[in-house]
Amino acid sequence: MQLFYSPEIEKGQTSFTFDKDESKHIIKVLRRKMGDFLYVTNGKGTLFTTKITLDSDKKCVTEIIASEDQAPTPFRLHLAVAPTKMNERYEWFLEKATEIGIHEITPIICDHSERKIVKTERFEKIIQSAMKQSLQYHLPILNEPISLKDFLNQDHQGEKYIAHCEETEKVLLKDSIDIHKNYLLLVGPEGDFSTNEINLALAKGYRPVSLGHTRLRTETAALVAVHSFVFTNE
C-alpha cells in the first residue's frame, strides 16, 4: 500500500482534492487514473480510502469511500535533541525515529552546540516521508528550535530524563522505564551538555541516565533511546 499525506483531509468530507504538486505526482509520475484507489492520512490517526473521480494533473479529485482510525499508543515519547554539526545526521535520526515510533521532537540549542541556527522545513518533509513509508497515521510533532535553558523553564509533565557523559551516578535507561507513561528525554550535542546545564536539568526533576557503556554520537544516542522506550512498551 502506498500512503499519501494531507493535513487538510478530515472526517465528514465526501470528497477530497489534492493540491497541484501532489496531483501532478499522482497522475504524471505514478500514472494513476480514474477509478484507482488512493490511501490518504491526515497525520492525526485516520486512514482514508479514496477513489479518483477526476484524473487531472492540475487537480486530482477523489471520492472518500471509507475511513478508519489507528489507535494511539499507550505511551507518549518526546525527545529534545541538540542539532548535530552535520545536518544529514540529524535528518537520519528524524527519519529512523519516526519509523520506530516517536511522538514529538524538539531541537534544543545548548552551550556546546556547534549548530545554533536550525531550519525545520526540510526536517518536516523528512518526517512526513518517513511516516508514509512506515505506514503510520500519526505524524510526529516537530517543534521549533529552542535554547535548553528556555526549554527547561517550560512545564513538562511525565517521566523526565537527561542522558549525558559526565562520570556521575546514573542508571541505565532501559532499567528505569516504567511502561505506559509519558516520557521526555534530553540528548545533548557533540560536546555533551555543560555541567551547568546538567545541574539545571537535575534541579528541574530530570533523572540522569546512561544509554550504555560506549560513547555514542548524538544521533545514535537519540535513536538508541527511541528504540529502548518503544521496545519496552511493546
Side-chain angles (χ1 to χ4, degrees), residues 73-87 89-116 118 123 140-234:
T73 59
F75 68 98
R76 181 169 179 80
L77 176 58
H78 180 184
L79 255 65
V81 184
T84 53
K85 183 179 179 180
M86 296 177 62
N87 257 341
R89 289 179 175 169
Y90 205 81
E91 291 169 1
W92 176 82
F93 151 67
L94 293 172
E95 179 184 73
K96 301 309 175 187
T98 300
E99 291 177 15
I100 295 171
I102 199 169
H103 300 91
E104 186 170 359
I105 303 143
T106 302
I108 48 173
I109 310 303
C110 305
D111 290 343
H112 296 158
S113 291
E114 295 191 58
R115 182 176 292 278
K116 302 283 188 180
V118 180
F123 288 173
I141 296 169
L142 176 64
N143 297 313
E144 287 298 315
I146 185 174
S147 71
L148 176 62
K149 194 169 296 184
D150 288 341
F151 185 81
L152 290 174
N153 284 330
Q154 295 177 345
D155 182 24
H156 296 288
Q157 303 297 316
E159 306 293 307
K160 300 184 294 186
Y161 309 86
I162 178 170
H164 65 80
C165 299
E166 286 199 356
E167 296 296 327
T168 57
E169 186 176 348
K170 291 175 285 188
V171 297
L172 284 171
L173 175 63
K174 68 181 183 67
D175 294 332
S176 63
I177 300 173
D178 293 326
I179 65 170
H180 301 173
K181 302 283 188 180
N182 289 346
Y183 313 106
L184 169 58
L185 174 70
L186 308 178
V187 178
E190 283 91 341
D192 200 12
F193 294 111
S194 67
T195 300
N196 182 56
E197 288 173 330
I198 294 171
N199 290 335
L200 285 173
L202 297 181
K204 292 287 185 177
Y206 286 77
R207 287 186 278 169
V209 293
S210 168
L211 299 175
H213 302 296
T214 59
R215 182 178 289 260
L216 304 175
R217 292 183 182 273
T218 294
E219 70 278 10
T220 310
L223 199 62
V224 166
V226 172
H227 180 267
S228 297
F229 283 113
V230 174
F231 182 78
T232 300
N233 278 277
E234 286 291 337

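Since the model is a prediction, treat every value here as computed from it, not as a measurement.
- You'll find the side chain of I105 stays beyond 4.5 Å of the side chain of I141, heavy atoms only.
- F231 and H227 have parallel rings, their planes meeting at less than 30° on a 0 to 90° scale where 60° marks the start of perpendicular.
- H156 and Q154 are linked by a side-chain donor-acceptor pair at a separation below 3.5 angstrom, with hydrogens and angles left out of the test.
- A distance-only check finds no donor-acceptor pair linking the side chain of H103 to the backbone of H78 [under 3.5 Å].
- When each of I100, I102, T73 is checked for a side chain to side chain contact (heavy atoms under 4.5 Å, CB included) with V230, only I100 meets the rule.
- Distance alone, capped at 3.5 Å, places no donor-acceptor pair between the K204 side chain and the K160 backbone.
- Side-chain atoms of R207 do not come within 3.5 Å of backbone N or O of Y161 as any donor-acceptor pair.
- The minimum heavy-atom distance linking S194 with E166 is given by the pair C-OE2, 4.5 Å.
- At a threshold of 4.5 Å between non-hydrogen side-chain atoms, the residues N182 and Q157 do not count as touching.
- A distance of 12.0 Å separates CD in E114 from CD1 in I109, rounded to the nearest 0.5 Å.
- The OG1 atom of T106 sits 9.0 Å away from the CG atom of L79 when rounded to the nearest 0.5 Å.
- Side chains of F75 and T232 form no contact here, defined as non-hydrogen atoms less than 4.5 Å apart.
- C110 approaches F193 most closely through the heavy-atom pair SG-CE2, 3.8 Å.
- When all heavy atoms of I108 and S113 are compared, the closest pair comes out as O-OG, 4.1 Å.
- Closest heavy-atom contact between E104 and R76: OE1-NH2, 3.2 Å.
- Summarising the geometry of V118 relative to F123, their closest heavy-atom pair is CG1-CE1, 3.4 Å, with the distance given to 0.1 Å.
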Please list every donor-acceptor pair under 3.5 Å in which a side-chain atom of residues 208-225 meets a protein atom from a residue at least two apart or in another chain.
residue : atom : partner : partner atom : Å
S210    : OG   : G212    : N            : 3.2
S210    : OG   : G212    : O            : 3.0
T218    : OG1  : G188    : O            : 3.0

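- Between F93 and T84 there is no side-chain heavy-atom pair separated by less than 4.5 Å.
- At a threshold of 4.5 Å between non-hydrogen side-chain atoms, the residues F151 and L186 count as touching.
- Two residues are said to be in side-chain contact when any heavy atoms from C-beta on lie closer than 4.5 Å; L185 and F229 meet this criterion.
- E190 approaches K85 most closely through the heavy-atom pair OE2-N, 2.8 Å.
- Here the side chains of E91 and E95 are not in contact, with every heavy-atom distance at 4.5 Å or above.
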I198/Y206 under side-chain contact (heavy atoms from CB on, under 4.5 Å): CA gap, chis, key distance, verdict: CA-CA 9 Å; I198 294 171; Y206 286 77; over 6 Å; no
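- For the side-chain hydrogen bond (donor to acceptor under 3.5 Å, both in side chains) test, residues two or more places apart in sequence or in another chain that qualify with Y183 are N233.
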Can you give each donor-acceptor pair under 3.5 Å made by side-chain atoms of residues 171-178, sequence neighbours left out, with the distance rounded to 0.1 Å?
residue : atom : partner : partner atom : Å
S176    : OG   : L173    : O            : 3.0

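- Side-chain atoms of E197 and L152, non-hydrogen and from C-beta on, never get closer than 4.5 Å to each other.
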